[in-house]
Q: 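Here it is: the structure, laid out below.
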There are 2 protein chains.
Amino acid sequence: MPLSLPVPDLVSLDLLRSVAEFGSIRQAAIAHNVSQPAASMRLKSLEKSLGLTLLDRSGGNARLTPAGAAVVEWSAQILEGVSELLVGARALRREGQSSLRVAASMTVAEYMVPVWLVKLNSVVPDISVSLQMGNTEQVAEIIRSQKADIGFVEGWSVPHEFNHRIVADDDLAVVVPPDHPWAHRKKVVTAKVLASTPLILRELGSGAREVLGKALEAHGLQPLPFVEVGSNTAIKAMVLSGVAPGVLSSFVTKAEVETGRLVVVKTRGVSLDRSIRAIWSKGGEQTPSAKRLLKLISDGR
Amino acid sequence: MPLSLPVPDLVSLDLLRSVAEFGSIRQAAIAHNVSQPAASMRLKSLEKSLGLTLLDRSGGNARLTPAGAAVVEWSAQILEGVSELLVGARALRREGQSSLRVAASMTVAEYMVPVWLVKLNSVVPDISVSLQMGNTEQVAEIIRSQKADIGFVEGWSVPHEFNHRIVADDDLAVVVPPDHPWAHRKKVVTAKVLASTPLILRELGSGAREVLGKALEAHGLQPLPFVEVGSNTAIKAMVLSGVAPGVLSSFVTKAEVETGRLVVVKTRGVSLDRSIRAIWSKGGEQTPSAKRLLKLISDGR
DNA sequence: GAAAGCTATAAGCTTTCCTTATGCCACTTT
DNA sequence: AAAGTGGCATAAGGAAAGCTTATAGCTTTC
């Protein structure tokens, strides 16, 4: 469902944050390289679109009202997300031409890499990072052929060929829309039922597919694809439309599960835990930038 | 620091999400009440501004490229934040005229209420909620005078007069910029040093001020305000400028601490833990909507 | 092979947004 | 008390962005 209109403007929210930071519209305008009247008008139209008075202009300086302070805090999360999007897009754009070349599986690229990159950028401001995406198998190939300095994958099979380190835990989840029979709180699905139900899955070569395959193989079973899709987003959209259950990383489904648009199905006898690993070539030494990134991921600094 | 340009457009990101959802530009355009060429041009300019190909238009339908799928996921967090901002702004706008009247201290309003309201809205779509903000003392007065159905406060003193329930834990943190002497990893500040250092504080009547006062009182001390400010945002801005240490909820400082722009000072003998409580009048029965909200906060559904 | 569905381009118009110029206000300095 | 400084708003004019309708081309489906 689209956002309810009117939608505020990102530049205006950013500008408001600068007003909070500098204490005046004028200085915020300078920081944004626009004229003071432009900033003034932007803020006024933001107030109009939200229907709130954000600034108290009665003194010499403009000061945030309580509502303004709230909007600034509410915007902080949005602007943080925008920073991540921008840094992620920049890394994708570089296509492997950079001082630190990262390759990541779709899930890792979508849910973890931008956060890492924003932090890395704040610690090492002038580093240039590129990001290459693929499924677990493709990432392995990129590392194998030295086209990236460090890779991130899910699943078990690949790491033995490389140096590796676990950087996070993840697990798969079988998800359905809330009106699906499996969505009932007391319903528990067995490996046998799961294997005999057509599922929306990632393609062979993906970490998700591998883990599900291994989990069912333990019972002498194998998954029955309703359809195979190359992107988590596409699977989510299909599951939401109700055509079949899907199997996805819990990272992928987190937001939808929290808002109740998807339900995680309880399973028995199906082991869907997995780890996310950094991998790098056994041949040479790790590059300093790659080491720095790994340290940041492990320590948080 | 302002965002790095060019900044993508929220409507375009929302539109891209709809393309992922519906599987075609045309249907996304319909969902957004714009013409198909308008949607097409918006998406093209989004691609240009990010420097990435987001859609594969080679078949009959447009389909997301891997980069497009990544951008959709990166956008999801942003759009979620925008939903929260919009619902929060709408609640503030109603100024107590609604079927569920919520009053909350600044910290709770800034960091928790919008999430609750988005969830509540998805469970009870046609509910109208208003939000009144103030410090802990003002919220108590609003509840006392029946101008809100439920209130949320920090600190200890107020609840005894009302029915109450703990809904979250929070604690205060003394924060400084990274170049401050107290920022050193091994530095530990005692109650005595803290009380003799001018601090940037919230005003009397705020939950933060009360908790700090109580913590120092246990040593026969009291805080020494460098300045008293009415908003968390303003305190943060001042602390970042380096004039003095500040005392803030850990919610407020979370983002800045994670990015390293603020450092939490280790303290000894200063008890800054506190709870966040829902409070409501002891007189009558709780309204059904208020009960629903409380259930949602406790259960998550 | 016709039909249906989807997307891109073009033309024309409206709206938005920015800059410069200017005036007023509040607070500070002398 | 008067002048100075920093700050905000309004107005006018011009540039740019965005939308709609009309149209044409492409792909998949029946």
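Residue numbering restarts at 1 for every chain, and letters A, B, ... go by the order of the sequence lines.
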Q: Grab the CG-C1' distance between A:D56 and D:dC8 for me, whole Å please.
A: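 In whole Å, D:dC8 C1' and A:D56 CG are 12 Å from each other.
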Q: Choose from C:dT19, D:dT10, D:dG7 the nucleotide whose nearest atom is closest to any side-chain atom of A:S24.
A: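 Nearest listed nucleotide: D:dG7.
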Q: Please report the distance, rounded to the nearest Å, between NE2 in B:H32 and C1' in D:dG18.
A: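 To the nearest whole Å, that distance equals 16 Å.
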Q: Please walk me through it: do B:E110 and B:K236 pass salt bridge (charged side-chain N to carboxylate O under 4.0 Å, His left out)?
A: CA-CA 14 Å; B:E110 288 174 347; B:K236 246 191 319 197; over 6 Å; no
Q: Mind checking who D:dC30 pairs with, Watson-Crick or G-U wobble, both distances under 3.5 Å?
A: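 Its partner is C:dG1.
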Q: Would you check if the side chain of A:S75 reaches a backbone N or O of A:I78 as a donor-acceptor pair within less than 3.5 Å?
A: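 Side chain of A:S75 to backbone of A:I78, a donor-acceptor pair under 3.5 Å: no, none is there.
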Q: Could you tell me how far apart A:L64 (CG) and D:dC8 (P) are, to the nearest whole angstrom?
A: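 Nearest whole value for this atom pair: 12 Å.
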Q: Quickly work out the A:L43 CG to C:dC18 C1' distance and round it to whole Å.
A: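 A:L43 atom CG is separated from C:dC18 atom C1' by 15 Å.
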Q: Mind calculating the distance between CG (B:N61) and C1' (C:dA4) to the nearest angstrom?
A: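 Going from CG in B:N61 over to C1' in C:dA4 covers 12 Å.
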Q: Hey, are B:E73 and A:T233 close enough side-chain-wise for a donor-acceptor pair under 3.5 Å?
A: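 The answer is yes; a qualifying pair exists.
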Q: Distances for protein N/O vs nucleotides 12-17 of chain C N/O pairs under 3.5 angstrom?
A:
none

Q: Report all interatomic pairs (protein N or O, nucleotide N or O of nucleotides 20-22 of chain C) with separations under 3.5 Å.
A:
none

Q: Checking the side chain of B:S18 only, and the main-chain atoms of B:A28 only, is there a donor and an acceptor separated by less than 3.5 Å?
A: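 No; judged by distance alone, with no hydrogens or angles, the pair does not exist.
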Q: Using a 3.5 Å distance criterion without hydrogens, assess whether the side chain of B:D14 forms a donor-acceptor pair with backbone atoms of B:L79.
A: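 No: the side chain of B:D14 does not pair with the backbone of B:L79.
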Q: Quick one about B:N232 and B:T107 (side-chain donor to acceptor, distance below 3.5 Å, no hydrogens or angles considered), yes or no?
A: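 Yes, a side-chain donor-acceptor pair sits under 3.5 Å.
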Q: Is a side-chain N or O of A:R17 found less than 3.5 angstrom from the main chain of A:A76, in a donor-acceptor match?
A: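 Not confirmed, A:R17 side chain does not pair with A:A76 backbone.
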Q: For the side chain of A:T65 and the backbone of A:L54, is there at least one donor-acceptor N/O pair under 3.5 Å apart?
A: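 Looks like yes, one N/O pair under 3.5 Å.
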Q: Rounded to the Å, how far apart are A:R63 CZ and D:dG7 P?
A: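 Computing the A:R63:CZ to D:dG7:P distance gives 14 Å.
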Q: Pick out the pairs of N or O atoms, protein on one side and nucleotides 23-30 of chain C on the other, that lie under 3.5 Å.
A:
none

Q: Rounded to whole angstroms, how far apart are CZ on A:R26 and C1' on D:dC8?
A: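 The distance from CZ of A:R26 to C1' of D:dC8 comes to 10 Å, rounded to the nearest Å.
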Q: If we ignore hydrogens and angles and just use 3.5 Å, is the side chain of B:Q138 paired with the main-chain N or O of B:N135 as donor and acceptor?
A: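 Answer holds: yes.
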Q: Using a cut-off of less than 4.0 Å, is there contact between a side-chain N or O of B:K44 and OP1 or OP2 of C:dT9?
A: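 So the side chain of B:K44 is within the cut-off, an N or O lying under 4.0 Å from OP1 or OP2 of C:dT9.
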Q: By nearest atom, which of the nucleotides C:dT7, D:dT10, D:dG7 is closest to the A:Q27 side chain?
A: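 Output: D:dG7.
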Q: I'd like to check A:I30 versus A:F22 (side-chain heavy atoms, cut-off strictly below 4.5 Å). Are they in contact?
A: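 SC-SC contact between A:I30 and A:F22 ruled out.
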Q: Okay, side chain of A:R209, backbone of A:R202: is any donor-acceptor separation there less than 3.5 Å?
A: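 Checking the backbone N and O of A:R202 against the side chain of A:R209, a donor-acceptor pair under 3.5 Å is found.
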